[in-house]
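Shown next, in C-alpha cells, is the structure this report addresses.
Side chains included, hydrogens not; waters and symmetry mates left out as well; all remaining heavy atoms used. Keep in mind it's a predicted model, so treat the numbers as computed, not measured.
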Amino acid sequence: MKLRWWTAGLVCSLGVACSDGESVVGGDDAATDVGLDVVDVPSIDVVDVPAIDVPDVPAIDAVDVPAIDVPFRCTDNASCAGNAGGGACDTATGRCVQCVASADTCPAGQYCLAASSTCTAGCRDDDGCAIGADGGVAARHCDTTTHACVDCVADAQCPSGTLCVGNLCVAGCNAARACPASQQCCSGACVDPQSNVAHCGACDARCSVPNGTSQCMNGTCAVGACTSPNADCDGMAANGCETDTLNAVAHCGGCGVVCAARPNSVASCAAGRCAYACAAGFADCDADPANGCEVELATSLAHCGACGRACDLANATPACAAGACAVATCAAGFDNCDGNAANGCEADTRTNASHCGACGTACAARPNAVPACTASACSSVCVAGFGECNGDGSDGCETNLATSAAHCGACGRSCVTANVATATCAASACGIGACAAGFDNCDGNVANGCERDVRADVANCGACGRTCAAGQGCAAGACAALASCAAIHAALPSLPSGSYPIDPDGGGSVAAFSVFCDMETSGGGWTLALLKNSAHSGNYGNFGAAYTSLGALATNPATASASATGVAGWVDLNAFPYTTMRLAAYGSGARTYLSNDIRRVDLRIPFGQPGYYLYNDASGYYWCGGPASYTDGGAGQVNPPAGAPADCKGHGSLGDGWDFGTPSVNQGLTLCGANASNWMYNGYGTGPFIYYPNVGAAYAIWVR
C-alpha cells in the first residue's frame, strides 16, 4: 500500500493530473486510499499536464491490481469473529462457516449439519432433550443417528421390568435386566407365578382345563369357565368341565336338572331339553311333556298315522283306519275314480271329460278340439289357434285363427279395414297385404287400415312421410303451390300468418309466386291481392287487371306502411279465384282500418276497365277509376261516364287509375296523377294525409 501511494505521489509531483476518483483494487486499500486522495487533490490539480497524463495512468494501474487481490483465508475461530459466513473456521477450506462437525458450536436444540456446515434443528446430546421443569436433568435422550429426542436408546435408560425397543421402553426382561419384586422372568417377560396361567407356580407350568378355560390361583391351576354346553358339575378341577348339559339326563340344561318320567314314554335329553320317546301307536302331538304321548295314531282323524297328518280329503268325508286315511263317502258330483284315498274324490263327474257323469265315461275327440264335459254332458274345447266359427260342433274347431283373415285371432274378427285392397292374418294378428290405389298405412296401425290418401295429403304426399313445403298442396301425389291463401288455410289450418307460395292458375302461364297470407283475421285465409304504400308513386292504368310487380305482395302491409322503400303490386283480380274482398289502411307499422266484406258478384265493372263506379253499399265505400279522358283535361274530378250514377266524390288530379273513398270524405288513395297534390290518408277519414313519396301510409286489398 505504501509503495502504491508513493508511486502515485511521484506521478502527481511530475505534473500528471490526479483525481479522487482513482480506481483502487482491494477492500482495505480502498478505505485507505480515499483518505489520502482528499489531501493530494488540491496540490496536484494546479500543475496537471495533459500530455503526460495519457501514457502514465495505464502503467500504474496494471501494477496495482495483482498485488492487492489476495483472497481471505481463516486460520482459527478468532479470525472469523464478525464474519457474515459464521463465527467458526473450517481450517480445511479456510472458510468462515456457522459450525464444524468436529467442534459443534450450534445453540441448544440444534446440531451441525456436516454436509453444509450449518446449524439445523435437532439434538446433538442428551442436554438438548432436557426439560426445564426437571432442573436441567434430561427426561429424554438424544438419538445421535437421527438427532431426535426419544424415550431411550439403551436398556439402562428404561425402568426396571422394561427394555429399550425402537426407542421406546416396553415390558420385558433378560439376564441383565431383573424383574420387580414378586415377579419372575419367564421367556423374556416379567410374570406373577401366583396368577399367570402360562407360568402357574413356576416358569412354563401352563394350566389346561378340558372343555373350558383355566385360571391360576395362588400358584395352583383351577377351573376358570366352562365352554358351553359343558359344565363342572362334580366340582373337580382335574377332569375340568366333564358334563355335556345338552345330552345328560341327570343334568339336562344345567347341573342337577333331572328329566322326569312321563306316561307311555322314555325320557332323554336333547339340546338341553327333556324329550320323550312314545310307545308304539302313540305320539306326543301337542309337544306338552306333562300329558305324555296323548294321541293314538291308529284312529285319530287329526293325527292319522303321524302327528299333524289330518284326514282332510278333497270332496269326501274322511276316516282313519290302522293309521291310514280312507274315503268314507264322496260329495255330490264327485267320485274316487283313481281309487287313491290320498287325493279324496278327485274326479268332478260334472266337468271331467274322462269321467263325464260317472267314472270311466270318456267324451269323444273332435278335430282341433279337446273333449270337455259340461254339467255331466260331453262337449269340446278348441285347441289354441283354432275356433268353432261356423256353429257346427260336429266338425270340431274348423277355423285356423292364426291365418284366417275373416276370423283373425277370434271368430268374427275380420282384417278387412278402410282402403285395404288385400288383408292378411299371421300369428292371429291382422296385416295389410296391399292398400287401395292412392292410399297408404302411414301410422303403422292396422286397425284403421290405409288411413292416408297420399294423392292429396300434404303431410304424406305421394308416400308416407313426404311432407310438402309450407303453403304447398298435394295433388295427384305431387307437392305444388295452392291457388290462394284460402286454399292453404283449408289444407293447413295451423299455419300462422306469413309469406307463402301460391299458383292461382295451377301451373298455367303465371308462375307460382309468394304472397302475404293473413291466417288470423275473420277465420283466416286472406290473400294480399293489392299493396301500395306512400313511399311509391306513379301513374297506372290497369290496377288489378294484370299480374304486376308480384314480388311486392310478399310484404306485410303494416311493414310496408313504415318503409322508405316504395312498394306497389297487385294480382289480376279479374282472373284470381276469390268470392269476398276487403279494403284496409295502414299507418306507421299498424293496421288502422279494415272494411266490411264486399262480395265479388256485387262489383259493377271489372278491374282495369275504363269506368267510373265499381261498388257502393250502406257503409259508403267507393272505388272510382278511369283514364285521363274521364277528367277535365287530365285535371280535376273524374267525370261520370254516360249512364253512370253521379255519386263519386270530387278530388284533385286523378289521371289514369283508382281512388278509394266515401261519399263525404276523400280517402285519397289516388295511385295516379302528375302533380304534387298526390296523397293518401294513413287511415280512412282519420289521421293526416301524406304526400307521395313520403313514408307513413299504405293501402291494401285482401281477397278470400
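Here the side chain of N556 pairs a donor or acceptor atom with the backbone of A558 at under 3.5 angstrom. The backbone N or O of A697 sits less than 3.5 Å from a side-chain atom of S534, completing a donor-acceptor pair. Of the possible donor and acceptor atoms, one in the side chain of T349 sits under 3.5 Å from a partner among the backbone N and O of G333. Using a distance-only test at 3.5 Å, with no hydrogens or angles considered, a donor-acceptor pair links the side chain of D518 to the main chain of T521. In this structure, R600 contributes its side chain and M581 its backbone to no donor-acceptor pair below 3.5 Å. The closest donor-acceptor contact from the side chain of S265 to the backbone of G292 lies at 3.5 Å or more, if one exists at all. Side chain of D505 to main chain of V510: a donor-acceptor pair is present (N/O by atom type, distance under 3.5 Å, no hydrogens or angles). At distances below 3.5 Å, not a single donor-acceptor pair connects side-chain atoms of T374 with backbone N or O atoms of A377. Not a single donor-acceptor pair under 3.5 Å links the side chain of N352 to the backbone N or O of C359. Side-chain N or O atoms of E520 include none that pairs as donor or acceptor with a backbone N or O of G523 at under 3.5 Å.
Taking OG1 of T527 as the start and CH2 of W702 as the end, the distance is 8.5 Å to the nearest 0.5 Å. In this structure, CH2 in W526 is found 11.5 Å from NE2 in H489, a value given to the nearest 0.5 Å. How far OH of Y578 is from OG of S484: 12.5 Å, rounded to the nearest 0.5 Å. With rounding to the nearest 0.5 angstrom, the CG atom of L528 is 8.5 Å from the OG1 atom of T555. The structure places CG of D597 at 6.5 Å from CZ of R704, a figure rounded to the nearest 0.5 Å. A distance of 6.5 Å separates CG in D395 from CD in E388, rounded to the nearest 0.5 Å.
Within the 4.5 Å cutoff, side-chain heavy atoms of L550 are placed close to those of V571. Under the 4.5 Å side-chain criterion, counting only non-hydrogen atoms from C-beta, L583 is in contact with I701. For the pair F516 and T559, the minimum side-chain heavy-atom distance is 4.5 Å or more. Using a 4.5 Å cut-off on side-chain heavy atoms (C-beta onward), P577 and P504 make contact. Annotation: side chain of F386 is not in contact with side chain of T399 (no heavy-atom distance under 4.5 Å). Counting heavy atoms from C-beta outward, H355 and T361 have side chains that stay 4.5 Å or more apart. Annotation: side chain of H536 is not in contact with side chain of V567 (no heavy-atom distance under 4.5 Å).
For N460 and D440, the side-chain atoms include no donor-acceptor pair closer than 3.5 Å.
Distance check for C325 and C304: the SG atoms are not under the 2.5 Å cut-off. By the SG-distance test at 2.5 Å, a disulfide connects C415 to C430. Taken together, C479 and C468 meet the criterion of an SG-SG distance shorter than 2.5 Å.
Closest non-hydrogen pair, T417 versus V420, comes out as OG1-CG2, 3.2 Å. Listed here is the closest heavy atom pair of A319 and A328: CB-CB, 4.5 Å. Scanning both residues, S497 and M519, for their nearest heavy atoms gives OG-N, 2.9 Å. The minimum heavy-atom distance linking C389 with E398 is given by the pair N-OE2, 2.9 Å. What you find for A552 and G569 is that their closest heavy atoms are CB-N, 4.0 Å. Nearest heavy-atom pair across A365 and P371 is CA-CG, 3.7 Å.
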Given V515 and Y500, is the side chain to side chain contact (heavy atoms under 4.5 Å, CB included) satisfied, shown in steps? CA-CA 6 Å; V515 298; Y500 299 102; 6.0 Å; no

What verdict does the disulfide bond (SG atoms under 2.5 Å apart) test give for C378 and C373, after you've listed the backbone C-alpha separation in whole Å, the side-chain angles of each residue and the deciding distance to 0.1 Å? CA-CA 4 Å; C378 286; C373 179; 5.6 Å; no

Could you give me the CA-CA distance, side-chain angles and deciding distance for E296 and F282, then say whether side chain to side chain contact (heavy atoms under 4.5 Å, CB included) is met? CA-CA 5 Å; E296 185 177 358; F282 291 87; 4.2 Å; yes

In sequence, state the C-alpha distance, the side-chain angles, and the governing distance for N441 and E451, and then conclude on side chain to side chain contact (heavy atoms under 4.5 Å, CB included). CA-CA 6 Å; N441 180 20; E451 83 289 348; 3.2 Å; yes

Derivation of the side chain to side chain contact (heavy atoms under 4.5 Å, CB included) call for V383 and C397: CA-CA 8 Å; V383 298; C397 301; over 6 Å; no

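For CG of N390, the number of neighbouring non-hydrogen atoms (other residues, nucleotides, ligands) closer than 6.0 Å is greater than 12.
Every side-chain contact (heavy atoms from CB on, under 4.5 Å) that A283 has, sequence neighbours left out, goes to C285, L297, C307.
Here the options are L301, V327, T317, the test is side chain to side chain contact (heavy atoms under 4.5 Å, CB included), and the partner is C311; only L301 passes.
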